[in-house]
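Have a look at the structure below, then the notes.
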Amino acid sequence: MEETDREAVATAVQRVAGMLQRPDQLDKVEQYRRREARKKASVEARLKAAIQSQLDGVRTGLSQLHNALNDVKDIQRSLIDVNKDWRQSINTIENLKDVKDAVVQHSQLAAAVENLKNIFSVPEIVRETQDLTEQGELLQAHRKLMDLECSRDDLMYEQYRMDSKNTHDMNLIHVYFGDLQKLSEELAKQLWMVVQRSLVTVRRDPTLLVSVVRIIEREEKIDRRMLDRKKQTGFIPPGRPKKWKEKMFNILDRTVTTRIEGTQADTRESDKMWLVRHLEIIRKYVLDDLLVAKNLMVQCFPPHYDIFKKLLSMYHQALSTRMQDLASEDLEANEIVSLLTWVLNTYKSTEMMGNSELAPEVDVNSLNPLISQNVVDQLLSKYMSTLTSNIIGWLRKALETDKKDWIKETEPEADQDGYYQTTLAAIVFQMFEQNLQVAAQISEDLKMKVLLLCLQQMNSFLTRYKEEAQLYKEEHLKNRQYPQCYVQYMIAIINNCQTFKESIISLKRKYLKNEMEEGMSSSHANMDVILDTIAKEGCSSLLDEVFMDLEPHLNELMTKKWLTGSNAVDTICVTVEDYFNDFARIKKPYKKKMTVEAHRRVVVEYIKAIMLKRISFKNAEERKEGAERMIKEADQFRFLFKKLSAGSGEDTEGLCDIIIAIAEVIKLTDPSLLYLEVSTLVSKYPDIRDDHISALLTVRGDASRDMKQTIIETLDQGSSQPNPNYVPIFKEITVPTLSVQKLLK
């Protein structure tokens with residue numbers, strides 16, 4: 001009661017709050033109070049009337065119970081009297097055995113008389129039943145068939161009761177009614193034709209399907225009645241039980257199986273998409289059929305048939321069998337994907353069994369898998385094997401196509417930023433993307449396996465790519481006029497390395513889970529190393545191209561011609577700048593490294609020219625002129641590479657300072673200070689060797705053999721503290737002369 005009171009108070013508070021939401025409603029409080037009072041009085045009046053009505057009913061019930069009790073007592077007394085009379089008449093009943101036998105005989109004769117009309121008219125009724133069956137009047141035909149069967153069964157039953165061993169008379173009756181079995185079979189054929197086309201019939205003429213179900217229900221009742229009589233008497237008519245209900249479900253099951261199997265309209269030879277088309281037709285047919293069954297067929301069958309659930313089970317089993325058959329065929333990779341996507345995803349999706357119109361009768365979570373996990377694993381294994389072979393073939397073909405582009409006489413395409421590129425990276429990663437998207441439709445696990453496969457094959461592919469790029473370079477060196485666009489395509493190869501790097505990162509970011517990334521980090525690092533190697537070798541080959549063109553001009557350096565006014569350095573600078581106009585189409589990470597390397601190689605080649613001792617200055621005037629020319633040319637190189645590396649933040653000063661430092665040694669006019677100047681040079685560049693110093697002093701032209709030996713020996717005894725930021729350069733420079741020791745001897 002307390003809880004009821006609280007609920008009433010809460011309801012009242014809610015209603016009052018609803019009435020008094022605005023200030024102007026306070027003026028109507030009295031009006032609300034009177035209205036609620038009227039409602040309360042009305043409810044109380046109805047309540048009193050209801051209670052009074054119930055009390056009247058209870059009073060009437062009690063009166064009737066009292067009367068019933070009196071009636072029961074009267075019946076009890078009557079039963080006692082009847083029991084006494086029955087006990088007194090037992091002997092009399094035993095004397096009536098003859099009468100009993102007469103009654104049985106009368107019953108048999110009565111049955112014969114009752115069926116006499118049907119017995120004489122059997123041929124006519126048989127013809128009428130056949131006509132009705134052919135005309136499609138199934139209910140009327142079945143009614144007549146039932147009458148004939150009833151007459152036959154009653155006669156045979158009475159004969160069985162009189163003399164169960166008299167097979168002659170039983171066979172006589174059976175032969176006379178022999179056409180009934182044929183009539184029953186013909187009617188059954190008509191029924192099964194309707195059942196086979198039930199999904200169509202229920203839309204066009206549902207009453208026909210209802211008639212069939214009614215006939216089957218009649219036969220089921222007769223079957224049950226005959227089986228019950230068999231238990232009591234041992235007699236059952238011929239052809240019973242018919243089990244038409246069981247046969248109906250068998251027909252439906254075969255119809256469903258045939259419908260599923262009959263949807264394959266094409267073969268692989270006639271249509272590459274045969275399986276996709278086949279599965280889509282199955283999906284559409286099954287969904288449409290189940291919707292018809294749910295919305296229309298259930299209205300034509302009794303509830304205890306549970307027709308929709310049984311049809312759902314039939315379709316599921318038929319689909320399972322069909323999918324198993326398809327899985328056992330020699331499927332291609334794309335066909336395996338189509339099958340697994342359909343089985344694992346489409347089947348339970350909203351496009352099919354998960355359709356909202358099938359709910360709640362269809363619970364996708366309760367549906368068993370169409371194919372076993374073992375079969376799924378076998379298909380996935382076959383798919384991965386086929387995919388591996390396909391990817392290897394696709395990558396090989398893509399590389400071969402790209403190689404054909406390398407020898408074209410037209411420049412490669414450029415991206416939106418103007419960098420040369422080929423279509424190789426786009427083709428490769430588009431292929432990877434497509435396969436990953438397909439795998440993701442099947443399962444997350446398969447997607448990870450395909451991603452791992454793609455990265456593994458990418459690793460192998462990059463090794464082949466590296467080898468082909470090297471062969472491309474070697475073929476070009478055999479004839480530098482061919483291919484015509486060698487430089488441009490080598491730039492494209494270098495840029496492809498950066499594109500590959502970015503695409504690999506993008507692919508992993510899109511498809512790889514964070515927890516899986518650690519396991520693939522080593523593979524990624526290895527690919528980065530290969531790509532950097534390809535790019536480095538590509539840049540090196542381009543620089544080789546530059547320095548092959550520069551070779552005649554580099555050979556002019558530090559010669560008599562150079563001293564008297566050669567424009568070799570001007571030509572070198574112009575040539576390098578011209579090449580770097582093309583190299584501007586190299587992407588930044590590699591272009592920056594290439595600029596630094598070009599700067600380094602120019603300085604190395606210049607120092608090599610010094611160390612080759614092509615010239616030996618005769619006097620201080622020549623040394624001064626040569627040194628000033630070296631300083632000027634160092635400034636030219638400095639300006640050039642500062643211009644080429646603009647915006648890169650790279651220090652281009654240090655390398656040219658080496659040339660200036662060497663020039664200062666050559667320019668020195670006081671030989672007594674030569675040791676000090678050379679020691680300063682060695683302290684700055686500690687990788688400088690004795691043969692370098694000897695060659696440098698030889699170029700000066702004023703250092704005697706003893707002076708050279710003294711300077712070198714003194715320097716050998718000292719120790720230098722190298723600059724930690726200094727990158728050794730003299731170790732790359734060889735002096736093609738006798739060793740210092742032999743020279744001094």
Side-chain heavy-atom pair Ile407, Tyr482 within 4.5 angstrom cut-off =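 Heavy-atom side-chain distance check passes, below 4.5 Å.
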
Tell me, do Leu512 and Met448 make a side-chain contact under 4.5 Å, heavy atoms counted?
->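 The answer is yes, as the side chains (C-beta and beyond) meet within the 4.5 Å cut-off.
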
Apply the test side chain to side chain contact (heavy atoms under 4.5 Å, CB included) to residues Met490 and Ile493: give CA-CA distance (whole Å), side-chain angles for both, the deciding distance (0.1 Å), then the verdict.
-> CA-CA 5 Å; Met490 185 56 76; Ile493 291 172; 4.3 Å; yes

Assess whether salt bridge (Lys or Arg N to Asp or Glu O under 4.0 Å) is satisfied between Lys684 and Asp657, documenting all intermediate values.
-> CA-CA 10 Å; Lys684 286 184 180 179; Asp657 287 343; over 6 Å; no

Using only atom types and a distance under 3.5 Å, with no angle test, would you say the side chain of [X] pairs donor to acceptor with the backbone of [Y]?
X	Y	value
Asp687	Lys731	yes
Thr564	Lys560	yes
Thr571	Asn567	yes
Thr559	Asn555	no
Gln709	Arg705	no
Ser385	Lys382	no
Ser679	Tyr675	yes

Would the Tyr420 and Tyr489 ring centres measure less than 6.0 Å apart?
->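 So the answer is no for these two rings.
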
Can you check whether Phe637 and Tyr606 have ring centres sitting under 6.0 Å from each other?
->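 Yes, the ring centres sit under 6.0 Å apart.
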
Indicate whether the side chain of [X] and that of [Y] have a donor and an acceptor atom separated by less than 3.5 Å.
X	Y	result
Lys587	Thr499	yes
Tyr511	Glu433	yes
Thr423	Asp402	no
Gln636	Asp570	yes
Asp549	Tyr579	yes

Find the distance between [atom1] ([X]) and [atom2] ([Y]) and round it off to the nearest 0.5 Å.
X	Y	atom1	atom2	value
Leu531	Met458	CG	CE	6.5 Å
Thr669	Glu621	OG1	CD	12.0 Å
Trp562	Arg614	CH2	CZ	11.0 Å
Leu697	Ser616	CG	OG	10.5 Å
Asn435	Gln430	CG	CD	11.0 Å
Lys608	Ile733	NZ	CD1	7.0 Å

Closest heavy-atom contact between [X] and [Y]?
X	Y	value
Ile494	Gly538	CD1-C, 3.5 Å
Met630	Ile659	O-CG2, 3.8 Å
Ala584	Tyr419	O-CE2, 3.7 Å

What residues, two or more places apart in sequence or in another chain, satisfy salt bridge (Lys or Arg N to Asp or Glu O under 4.0 Å) together with Lys643?
->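 Counting only residues at least two positions away or on another chain, Lys643 forms a salt bridge (Lys or Arg N to Asp or Glu O under 4.0 Å) with Glu577.
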
Can you list every pair that meets ring-ring contact (aromatic ring centres under 6.0 Å, His included) and has a residue in residues 429-459, with sequence neighbours left out?
->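 Passing the test, one end in residues 429-459: Phe429-Phe432, Phe429-Phe500.
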
Is it true that the NZ or CZ of Arg623 lies under 6.0 Å from the centre of Phe617's six-membered ring and within 45 degrees of the ring axis?
->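 No - Arg623 does not lie over the ring of Phe617 by the 6.0 Å and 45° rule.
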
Are Arg689 and Phe730 in a cation-pi contact, defined as NZ or CZ under 6.0 Å from the six-membered ring centre and within 45° of the axis?
->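 That pair does not qualify as a cation-pi contact.
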
Take Arg700 and Leu674 through the side chain to side chain contact (heavy atoms under 4.5 Å, CB included) test and state the conclusion after the steps.
-> CA-CA 10 Å; Arg700 267 188 63 87; Leu674 192 57; 3.7 Å; yes

Compile the donor-acceptor pairs under 3.5 Å between side chains in residues 334-341 and protein atoms, sequence neighbours left out, one pair per line.
residue	atom	partner	partner atom	Å
Glu335	OE1	Arg268	NE	3.4
Glu335	OE1	Arg268	NH2	2.7
Glu335	OE1	Glu332	N	2.9
Glu335	OE2	Arg268	NE	2.9
Glu335	OE2	Trp274	NE1	2.8
Ser338	OG	Asn334	O	3.0
Thr341	OG1	Val337	O	2.7

Would Lys536 and Glu597 count as a salt bridge (Lys or Arg N to Asp or Glu O under 4.0 Å) if you check the C-alpha gap in whole Å, the side-chain angles of each, and the deciding distance to 0.1 Å?
-> CA-CA 10 Å; Lys536 183 178 179 181; Glu597 182 61 22; over 6 Å; no

Got a sec: does the [atom1] of [X] have more than 12 other heavy atoms crowding it under 6.0 Å?
X	atom1	value
Gln470	CD	yes
Met273	CE	no
Asn619	CG	yes

One thing to verify: whether [Y] and [X] come together as a salt bridge, which I'm taking to mean a side-chain N less than 4.0 angstrom from a carboxylate O.
X	Y	result
Glu468	Arg464	no
Lys408	Asp405	yes
Glu664	Lys667	no
Arg600	Glu732	yes
Arg601	Asp544	yes
Asp532	Lys501	yes
Glu444	Lys447	yes

Quick one: sort the Tyr465 and Trp406 rings into parallel, tilted or perpendicular, breaks at 30° and 60°.
->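 Rings of Tyr465 and Trp406: tilted, as their planes differ by 30° to 60°.
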
Check the pair Lys403 / Glu400 against salt bridge (Lys or Arg N to Asp or Glu O under 4.0 Å), numbers first and verdict last.
-> CA-CA 5 Å; Lys403 283 169 57 183; Glu400 290 298 324; 3.6 Å; yes

